[in-house]
Amino acid sequence: EIRECCREVGDRRCRMNRRPSNSRQQSERKSQRRRRASFRLKLVVAASQPSVAQIFETLEYGPAPESSAVADKWLEDHGRSFGHFIDGQWVKPEGRSKYETVNPATGARLAQTLEGTAEDVDLAVGAAKKAFETWSKLPGHVRARHLYSIARHVQKHMRLLAVVESMDNGKPIRESRDADVPLVARHFYHHSGWAQLMDTEMAGWDPIGVIGAIVPWNFPLMLLTWKVCPALAMGNTVVLKPATYTRLSALLLAEICAEAGLPPGVFNVVTGKGAFGSKLADHPDVDKVAFTGSTEIGQKLRHSTAGSGKRLSLELGGKSPFVVFDSADLDSAVEGIVDAIWFNQGQVCSAGSRLVVQENIAERMIEKIKTRMSHLRVGDSLDKCVDIGAIVDPSQRRSIDDLVQKAKKEGAQVFQTCATMPSQGCFYPPTLITNVEPVSIVVQEEIFGPVLVVLTFRTPKEAIALANNTRYGLAASVWTENFNLGLEVALSIKPERAGSIATTFSTRRAALGDTGRVDSGETAARRGCTSM
């Protein structure tokens, strides 16, 4: 019927074009017929769409795709091929192998980046060392103006940064647009203030020199900022090595910094595989190494820098407990769990991946979680209606699934469900694992994926013992409406960032502590600045 209406409108327009008339009356009749035909077409199209009442009845989501045009244009402007960004310009040394960056949600090729060598590290560190001589001697308020300018330019390119981050990493566009990129701008604004206050609030503190920063792939842009902002604010220069899988947003930020007027050599980006980071950390002219990543790599960096005189700050893995008492508001706790473990596909070092729930409410709590899981939407990272995006790389997806399959072999019960699940792309469904022991591999090891494990307890003392039964120490949350109980348990849990009543997302207003096998230094805010 739609085709017939379209044909009728088209035929009439053709006849009007073939038989022009000077009669005003005949022209008006033709216009009326055309309007009626167009109106019929609109009615037919409207009838084929669900009504507002039907939408409210079913509450079904429709796709809300974000256009990738702005990111595609930036990639095409560079020929979808990137070198290092050193001394304020693009550098493409000859003879380097290339790495193909792909969109994990679609598998589409995004760009090629270089696999760096020791010579590239020498070039970048040399540029940073030379820039340090002038950058470190600038008055604090001058450095503050540079950081403020970068913040303004980040806001100017906010949409480009968000789309590139989601395409490169696989995270939902809502998270990169509403959380990651705004926080990047806020950090530059915040640390521009510390740069201006350095002479008064941190009198006697001197810049360290060249900072070698190594960041992971779960928050490529935001974690980069945690390293770069305090370093630049205190007069240091930076050579950054982004993660293997997610290099594009770091290169884009380096280009934005140059556009904002940051002097050449102050912020440099070199790309390469994981082992390439050790070349940067071991370079004799690097004065401090700031690393965020796995516990195993952190241990290797501690060994390799021991006795070298280099300063070292580490932010490593976690297996954070999410403790729920029977006095908690269970519906609120369920929403807290969704944010704690399925935010960013569970690829968060402080993810609440261990649910420790009181035994008398465990069954009811698990049923509520299963119901909530059935409404989670897994899909393309550029769809604004998606709750869970893609896993960053097939190798990481295999690692997650291997641990889940090991849990099954140990006798655990695995529940997986979601509202939508793409047939293609690097996706993994939200997963709930019950009937596990405190020594189970999925309880003890960091899965770094959308997987929640459940343990039960009877008394507060047992809850504290289960929460502390981990080699990690990073974050924790306690859910109860009994304020005294919440404070007592929160203070008894090892992680220094245990939050009573609700899960806390870190905005780096407080530095991380040195609890368990996690951290050995500060990353941002005042203590982050004094560590630089």
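Counting only distance, with no hydrogens or angles, the side chain of Asn468 and the backbone of Ala465 share no donor-acceptor pair below 3.5 Å. Put simply, the side chain of Glu66 never gets that close to the backbone of Ala162: no donor and acceptor are under 3.5 Å apart. Listed for the Arg354 side chain is a donor-acceptor partner under 3.5 Å among the backbone atoms of Leu466. A donor-acceptor pair under 3.5 Å links the side-chain atoms of Asn169 to the main chain of Trp217, judged by distance alone. Between the side chain of Ser166 and the backbone N or O of Val163, no donor-acceptor pair lies under 3.5 Å. Remark: side-chain polar atoms of Ser149 are not paired, donor with acceptor, to backbone N or O of His146 under 3.5 angstrom. At least one donor-acceptor pair under 3.5 Å links the side chain of Asn268 to the backbone N or O of Val238. In this structure, the side chain of Lys494 engages the main chain of Thr470 through a donor-acceptor pair within 3.5 Å. A donor-acceptor pair under 3.5 Å is formed between the side chain of Asn236 and the backbone N or O of Ile208. Without hydrogens or angle criteria, Lys319 side chain to Val442 main chain gives a donor-acceptor distance under 3.5 Å.
Counting heavy atoms of neighbouring residues, nucleotides and ligands inside a 6.0 Å radius, atom CD of Gln405 exceeds 12 of them.
Annotation: ring-ring contact (aromatic ring centres under 6.0 Å, His included) contacts involving residues 266-286, sequence neighbours excluded, are absent. Residue pairs that meet the ring-ring contact (aromatic ring centres under 6.0 Å, His included) test with at least one member in residues 87-122, sequence neighbours left out, are His78-Trp90, Phe82-Trp90, Phe85-Trp90. Here side-chain hydrogen bond (donor to acceptor under 3.5 Å, both in side chains) pairs that include residues 124-137, with residues two or more places apart or in two chains, are Lys129-Asp285. Within the structure, every pair that satisfies the salt bridge (charged side-chain N to carboxylate O under 4.0 Å, His left out) test and touches residues 75-92, not counting sequence neighbours, is listed here: Asp72-Arg80, Lys73-Asp77, Glu76-Arg80. Pairs of residues two or more places apart, or lying in two chains, that qualify as salt bridge (charged side-chain N to carboxylate O under 4.0 Å, His left out) and include a residue from residues 232-249 are Glu115-Arg247. Residue pairs that meet the side-chain hydrogen bond (donor to acceptor under 3.5 Å, both in side chains) test with at least one member in residues 269-282, sequence neighbours left out, do not exist here.
To the nearest 0.5 Å, the span separating CG on Leu223 from CD on Glu315 amounts to 6.5 Å. How far CG of Leu403 is from CZ of Arg398: 13.5 Å, rounded to the nearest 0.5 Å. Considering SG of Cys257 and CZ of Phe188, their distance stands at 5.0 Å, rounded to 0.5 Å. In this structure, CZ on Arg152 lies 13.5 Å from CD1 on Ile150, to the nearest 0.5 angstrom. To the nearest 0.5 Å, atom OG of residue Ser381 and atom CG of residue Asn103 are 5.0 Å apart. Going from atom NZ of Lys171 over to atom CG of Asp180 covers 3.5 Å, rounded to the nearest 0.5 Å.
Counting heavy atoms from C-beta outward, Leu248 and Thr113 have side chains that approach closer than 4.5 Å. No side-chain heavy atom of Leu232 sits under 4.5 Å from any side-chain heavy atom of His191. Counting heavy atoms from C-beta outward, Glu410 and Glu437 have side chains that stay 4.5 Å or more apart. Residues Val453 and Ser440 are not in side-chain contact: their nearest non-hydrogen atoms beyond the backbone lie 4.5 Å or more apart. Annotation: side chain of His187 is not in contact with side chain of Val184 (no heavy-atom distance under 4.5 Å). In this structure, Val215 and Leu240 have side chains that are in contact, with non-hydrogen atoms separated by less than 4.5 Å. In this structure, the side chains of Leu455 and Val436 come closer than 4.5 Å at one or more pairs of heavy atoms. Inter-residue side-chain proximity for Val121 and Val239 is flagged as unmet; no heavy-atom pair is nearer than 4.5 Å.
A salt bridge links Arg471 with Glu445: the distance from a Lys NZ or Arg NE/NH1/NH2 to an Asp or Glu carboxylate oxygen falls below 4.0 Å. Taking a cutoff of 4.0 Å between a charged side-chain nitrogen and a carboxylate oxygen, Glu259 and Lys156 qualify as a salt bridge.
Under the rule for a side chain to side chain donor-acceptor pair (under 3.5 Å), the partners of Asp387 that lie at least two apart in sequence or sit in another chain are Arg174. For the salt bridge (charged side-chain N to carboxylate O under 4.0 Å, His left out) test, no residue two or more places apart in sequence or in another chain qualifies with Asp380. In terms of the side chain to side chain donor-acceptor pair (under 3.5 Å) criterion, residue partners of Thr431 (sequence neighbours excluded) are, by chain and number, Gln416. Scanning for salt bridge (charged side-chain N to carboxylate O under 4.0 Å, His left out) contacts around Glu119 gives Arg96, with sequence neighbours left out. Residues satisfying the salt bridge (charged side-chain N to carboxylate O under 4.0 Å, His left out) test with Arg109, not counting sequence neighbours, are Glu100. Looking at residues two or more places apart in sequence or on another chain, you find a side chain to side chain contact (heavy atoms under 4.5 Å, CB included) between Arg397 and Ile391, Cys426, Tyr428.
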| query | Step by step, would you call Tyr189 with Gln155 a side-chain hydrogen bond (donor to acceptor under 3.5 Å, both in side chains)? | reply | CA-CA 11 Å; Tyr189 279 130; Gln155 290 181 315; 2.6 Å; yes
| Derivation and outcome, side chain to side chain contact (heavy atoms under 4.5 Å, CB included), residues Ile433 and Leu452 | CA-CA 6 Å; Ile433 301 180; Leu452 176 68; over 6 Å; no
| Please walk me through it: do Thr292 and Lys227 pass side-chain hydrogen bond (donor to acceptor under 3.5 Å, both in side chains)? | CA-CA 9 Å; Thr292 299; Lys227 304 283 188 287; 2.4 Å; yes
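Taking every heavy atom of both residues into account, Pro93 and Asp120 meet most closely at CG-OD1, 3.4 Å. Here the closest heavy-atom approach between residue Lys310 and residue Ala281 is recorded as CE-O, 3.0 Å.
Using a 3.5 Å distance cut-off with no hydrogens or angles, the side chains of Gln196 and Tyr148 do not pair a donor with an acceptor. Using a 3.5 Å distance cut-off with no hydrogens or angles, the side chains of Glu255 and Trp74 do pair a donor with an acceptor. Looking at Tyr245 and Thr101, their side chains never bring a donor and an acceptor atom within 3.5 Å of each other.
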